[in-house]
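Everything quoted here is computed from the prediction, not taken from an experiment.
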Amino acid sequence: MEDIMLIRSGFLRNLISKVINKALKKQMPGMDVQVNEIQASWSEKDQKMKVHLALDAEMTKAQLNGILQKADLL
């Protein structure tokens with residue numbers, strides 16, 4: 001059996017965006033993230049959670065290059 005939660009409420013998306021931005025502020029000052037949609041599903045059989053985020057992020061070119069370098073894409 002699988003449980004699915006889809007968050008489209010503007011209030012909850014804004015709240016989650018604030019939490020993400022607060023966590024990012026320490027690692028990447030100046031980056032701004034706005035969550036558009038969150039979908040989370042739990043598989044009882046596999047005992048795993050899958051989370052899908054649709055978000056918009058505002059960052060500088062240097063910040064983007066830093067993220068790509070950390071992911072070994074540059």
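With sequence neighbours excluded, no residue forms a side chain to side chain contact (heavy atoms under 4.5 Å, CB included) with A23. Every residue two or more places apart in sequence or in another chain that forms a side chain to side chain contact (heavy atoms under 4.5 Å, CB included) with D56 is listed here: N36. Looking at residues two or more places apart in sequence or on another chain, you find a side chain to side chain contact (heavy atoms under 4.5 Å, CB included) between N14 and K18. Take M59 and apply the side chain to side chain contact (heavy atoms under 4.5 Å, CB included) test, not counting sequence neighbours, and it matches M31, A57, Q63, L64, I67. Partners of Q47 under the side-chain hydrogen bond (donor to acceptor under 3.5 Å, both in side chains) rule, at least two apart in sequence or in another chain, are E44.
Contact record, I4 with S41: CG1-CB, 3.9 Å, taken as the closest heavy-atom pair.
Placement of V33 and V51 within a single hydrophobic cluster is found when ILVMFWY residues are connected by side-chain heavy-atom separations under 4.5 Å, directly or transitively. A single hydrophobic cluster is seen to contain both I20 and L12, as judged by linkage of ILVMFWY side chains at heavy-atom distances under 4.5 Å, directly or through other members. Cluster annotation: I7 is connected to L55 through the hydrophobic network of ILVMFWY side chains, with a link wherever side-chain heavy atoms come within less than 4.5 Å.
A distance of 12.0 Å separates CG of N21 from CD1 of I16, quoted to the nearest 0.5 Å. How far CE of M28 is from OG1 of T60: 8.0 Å, rounded to the nearest 0.5 Å.
Applying the salt bridge (Lys or Arg N to Asp or Glu O under 4.0 Å) test to every pair with at least one member in residues 30-42, sequence neighbours left out, gives these pairs: R8-E37. Legend: salt bridge (Lys or Arg N to Asp or Glu O under 4.0 Å) pairs involving residues 65-74, not counting sequence neighbours: none detected.
A donor-acceptor contact shorter than 3.5 Å links the side chain of S17 to the backbone of V35.
Atom CE of M5 sits in a sparse spot, with 12 or fewer heavy atoms from other residues, nucleotides or ligands closer than 6.0 Å.
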